[in-house]
Amino acid sequence: MPELPDVEVYRRVLETCALSRRIASVEVNSTKVVEGLTELELEQRLTGQRFSSALRHGKHLFAGLLNGDLLAMHFGMSGRLECLEEGESLPEYTRCSFRLEGGHRLAYVSQRQLGRIRWIEDLEDFLRSKALGPDAMDPRLDHDVFCQRVTEHRGTLKSALMDQSTLAGIGNIYSDEILFQARLSPKRKAQELTEEELARLYRSSREVLQTAVEAHADPLLMPERYLLRNRAQATNCPRCGAALQALRLGGRRGWFCPECQR
DNA sequence: AGCGATGTTCGCCG
DNA sequence: TCGGCGAACATCGC
């Protein structure tokens, strides 16, 4: 489930479970998920070390070591990070796990193996190499910077929000939600918004992401006015009751209310 | 059996 | 030049 709010939850899992604890061992159960280094190298570099920071940028999670190197985790479409207490067994599809002194284990779970674990030496270099824009929740992302980035995009609003080089962290689900709360059609051109509409978009993006993080990215804990609460059976608009409309964008299905969103 | 799924990347087209 | 599309990646569940 990994868009920005989900990954923020995993960041906190990493922080609570593993930060400052000595890594006793590493286990890799996948040939695909760890990229650019062997299981042996990963073990040698991590065993005996401690993660000293838990950072996030967009949908990327970073476990930093004291020497400045970082373990970078991305979750693809079906990944997550879990903390297990002593004696608990690893979840199905655990592709990589870290045993920590004191008994906890950190499990990187990735059913479809679309996620990646990489070793990086410089965070800024990595963000540049992925051409990531500013994190969508970064406090330094003020109204003006936000508007500038969004209106640089020449395509539709939804693709502007989902473009990781515009803003990092927003995907299919949360772009739908932000546009719904801002009452803007996903099909609008990003460059044709009025100042007032841009202000609504900015406000909604902060509000939705903040609310989602506070709800631990669990749709059931989010307000009833949120679209993503019943995305699985998305039918009617929680605001006006009109039938929701589907749209396809880059092979992805989105939903919006043709009455409320203009 | 076939299709779709909360992501990224690449090649192609206009 | 950039945006948008479809496919590929890999696997499961409906």
Side-chain angles (χ1 to χ4, degrees), chain A residues 1-11 28-36 56-61 72-82 91-96 108-118 120 126-133 135-137 149-180 185-192 205 208-209 211-213 215-222 226-234 246-256:
Chain A
M1 332 174 160
E3 294 184 38
L4 187 156
D6 310 276
V7 180
E8 178 60 23
V9 170
Y10 307 149
R11 194 194 66 75
V28 179
N29 307 302
S30 161
T31 51
K32 307 229 67 147
V33 154
V34 179
E35 189 178 283
R56 183 190 56 73
H57 189 104
K59 304 173 190 173
H60 294 266
L61 179 64
M73 287 171 265
H74 191 274
F75 297 91
M77 285 227 279
S78 63
R80 63 182 196 274
L81 199 65
E82 272 190 43
E92 204 177 2
Y93 311 117
T94 297
R95 308 301 184 181
C96 187
Y108 174 92
V109 187
S110 181
Q111 183 195 73
R112 268 171 276 166
Q113 306 197 79
L114 293 178
R116 290 292 176 268
I117 295 179
R118 303 179 174 94
I120 65 172
F126 177 78
L127 301 180
R128 254 192 305 278
S129 76
K130 296 285 170 192
L132 294 177
D135 181 82
M137 273 193 90
R149 307 230 33 123
V150 169
T151 54
E152 261 171 23
H153 195 96
R154 295 192 234 174
T156 65
L157 261 189
K158 183 166 165 73
S159 59
L161 290 179
M162 289 176 64
D163 184 341
Q164 301 301 296
S165 66
T166 303
L167 301 170
I170 299 169
N172 195 30
I173 299 280
Y174 285 97
S175 59
D176 275 2
E177 191 64 53
I178 289 166
L179 290 168
F180 178 69
S185 165
K187 299 193 268 195
R188 288 282 295 282
K189 291 272 190 279
Q191 296 189 313
E192 292 169 0
S205 75
V208 166
L209 296 174
T211 301
V213 168
H216 311 291
D218 180 347
L220 296 176
L221 299 180
M222 293 183 206
Y226 273 36
L227 213 52
L228 55 73
R229 275 181 64 102
N230 10 286
R231 187 177 181 86
Q233 323 86 344
L247 84 162
R248 285 201 84 79
L249 201 153
R252 205 124 261 128
R253 181 187 292 261
W255 293 95
F256 70 104

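Basis for what follows: all heavy atoms, side chains included, without hydrogens, waters or symmetry-related copies. In the text below, chain A, chain B and the rest are named by the order of the sequence lines, each starting its count at 1.
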Problem set entry | Dot-bracket notation for DNA chain B, counting Watson-Crick and G-U pairs under 3.5 Å, with | for partners on another strand | .||||.||||||||
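- When heavy atoms are screened at a 4.0 angstrom cut-off, Gly251(A) is found touching no nucleic acid atom at all.
- Less than 6.0 angstrom separates the ring centroid of His60(A) from the ring centroid of Phe126(A).
- Residue Phe75(A) is classed as having no contact, given no heavy-atom separation below 4.0 Å to the nucleic acid.
- If you take CD1 of Ile117(A) and P of dT8(B), they are 16 Å apart, rounded to a whole angstrom.
- Contact annotation: His74(A) side-chain N/O to dG7(B) OP1/OP2 distance is not under 4.0 Å.
- Side-chain N/O atoms of Arg252(A) and base N/O atoms of dG7(B) include a donor-acceptor pair closer than 3.5 Å.
- dG3(C) atom P lies 18 Å from atom CZ of Arg188(A), rounded to whole Å.
- Look at the P atom in both dA7(C) and dG2(B): the space between them is 16 Å, to the nearest Å.
- Comparing dG7(B), dC9(C), dT9(B) against the side chain of Asn172(A) picks out dG7(B) as the nearest.
- Distance from the side chain of Leu249(A) is smallest for dC5(C) among the nucleotides dC5(C), dC2(C), dA10(C).
- Comparing His60(A) and Arg253(A) along DNA chain B, the residue whose closest nucleotide (by nearest heavy atom) sits nearer the 5' end is Arg253(A).
- Distance from the side chain of Gln111(A) is smallest for dT11(C) among the nucleotides dG7(B), dG3(C), dT11(C).
- For Lys59(A), taking side-chain heavy atoms from C-beta onward, the closest of the listed nucleotides dT6(B), dC5(C), dT8(B) is dT8(B).
- Leu228(A) comes within 4.0 angstrom of no nucleic acid atom, judged by non-hydrogen atoms across all strands.
- Nearest to the side chain of Met77(A), among dC12(C), dT8(B), dG7(B), sits dG7(B).
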